[in-house]
Amino acid sequence: MVVTTGVFWFFTGLLGLERLIEMIWARGNEKRLVEDGYVETGRKHFPVIVLLHILYFASLIIEFYQRPRTELVPLAIAMFAIVQLLRLWAMITIGRRFTTGILVKKRETLVARGPYKFIRHPIYLIVELEILTLALVVGDVWTAIAFGIANALLLWLVRIPAENLALASIRT
């Protein structure tokens with residue numbers, strides 16, 4: 001089966017809709033957490049993250065329409081589906097603390113169950129895997145490579161250190 005325009009828009013729209021729902025949920029959580037005494041930190045880099053994700057979706061569209069159609073790869077679809085289940089697991093586990101910002105409260109206990117029992121920042125790994133698997137599902141190999149690297153660097157060099165610093169501050 002070939003990656004048709006319908007298949008492309010189904011998978012791309014699915015992830016886009018998911019991100020929109022997450023943003024709405026995160027904003028509601030952020031408002032409640034601030035009311036509960038949480039403080040946001042590290043917000044300066046957030047517009048860069050948003051821009052990266054907007055450019056990712058633009059790149060998916062541009063690459064898809066600029067190259068010949070490819071075969072749909074069932075393994076990529078299976079990997080994408082597994083990543084979505086992992087995302088749901090992580091988000092449900094963290095619950096009301098799921099935000100797009102970095103919000104902390106002194107002496108708050110870190111979540112240490114679900115995927116957080118095995119890895120400190122599972123959502124970031126999941127986002128990286130989403131970027132790779134969606135691009136591979138629709139056959140956008142160059143987008144997978146470019147944005148996989150760009151997102152990994154942004155997370156590794158900026159976002160995770162900012163979050164680790166904020167999390168270290170809650171223990172004092």
Side-chain angles (χ1 to χ4, degrees), residues 1-30 42-43 45-95 97-102 111 114-163:
M1 180 176 169
V2 173
V3 180
T4 63
T5 303
V7 168
F8 172 82
W9 285 109
F10 172 77
F11 282 102
T12 304
L14 183 68
L15 187 59
L17 180 61
E18 178 184 284
R19 294 274 169 88
L20 179 62
I21 291 168
E22 284 175 15
M23 291 294 288
I24 293 167
W25 183 23
R27 291 289 178 239
N29 286 344
E30 287 170 6
R43 191 72 173 178
H45 65 265
F46 189 69
V48 178
I49 293 173
V50 171
L51 178 62
L52 179 95
H53 288 267
I54 290 168
L55 292 174
Y56 168 72
F57 281 99
S59 182
L60 284 172
I61 295 165
I62 292 166
E63 184 175 352
F64 179 77
Y65 284 103
Q66 293 298 314
R67 63 165 173 70
R69 298 296 180 257
T70 58
E71 289 295 314
L72 200 55
V73 180
L75 179 60
I77 295 171
M79 290 169 43
F80 181 76
I82 290 167
V83 169
Q84 298 316 301
L85 293 174
L86 290 172
R87 172 181 281 288
L88 188 59
W89 182 34
M91 290 174 65
I92 288 171
T93 299
I94 203 163
R97 289 198 207 166
F98 175 76
T99 64
T100 56
I102 301 170
V111 174
Y116 297 87
K117 183 177 180 177
F118 307 105
I119 182 171
R120 190 167 191 174
H121 305 287
I123 290 289
Y124 300 145
L125 175 61
I126 290 163
V127 168
E128 183 67 21
L129 293 172
E130 273 179 344
I131 285 172
L132 296 170
T133 58
L134 175 59
L136 294 175
V137 164
V138 299
D140 288 359
V141 175
W142 293 112
T143 296
I145 293 168
F147 284 88
I149 291 169
N151 186 67
L153 288 172
L154 182 58
L155 290 175
W156 188 259
L157 298 175
V158 179
R159 180 62 179 215
I160 291 173
E163 189 160 326

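Scanning for ring pair (Phe, Tyr, Trp, His ring centres under 6.0 Å) contacts around Phe64 gives Phe8, with sequence neighbours left out. For Arg69, there are no salt bridge (Lys or Arg N to Asp or Glu O under 4.0 Å) partners, not counting sequence neighbours. The side chain to side chain contact (heavy atoms under 4.5 Å, CB included) search around Leu55 returns Leu51, Phe147, not counting sequence neighbours. Remark: Trp156 engages no residue in a side chain to side chain contact (heavy atoms under 4.5 Å, CB included) (not counting sequence neighbours). In this structure Glu130 satisfies the salt bridge (Lys or Arg N to Asp or Glu O under 4.0 Å) test together with Arg19, Arg87, sequence neighbours excluded. With sequence neighbours excluded, the residues forming a side chain to side chain contact (heavy atoms under 4.5 Å, CB included) with Ile149 are Ile145, Leu153, listed by chain and number. Remark: Arg97 pairs with Glu108 by the salt bridge (Lys or Arg N to Asp or Glu O under 4.0 Å) rule, at least two apart or across chains. Evaluation of the ring pair (Phe, Tyr, Trp, His ring centres under 6.0 Å) rule for His121 yields Tyr124 as partners, not counting sequence neighbours. Shown here are the side chain to side chain contact (heavy atoms under 4.5 Å, CB included) partners of Leu75, two or more places apart in sequence or in another chain: Val73, Met79.
Applying the side chain to side chain donor-acceptor pair (under 3.5 Å) test to pairs two or more places apart or on separate chains, those with a residue in residues 1-13 are Trp9-Tyr65. Sorted by first and then second residue, the salt bridge (charged side-chain N to carboxylate O under 4.0 Å, His left out) pairs involving residues 46-63 (not counting sequence neighbours) form an empty list. Sorted by first then second residue, the salt bridge (charged side-chain N to carboxylate O under 4.0 Å, His left out) pairs that include residues 48-60, not counting sequence neighbours, number zero.
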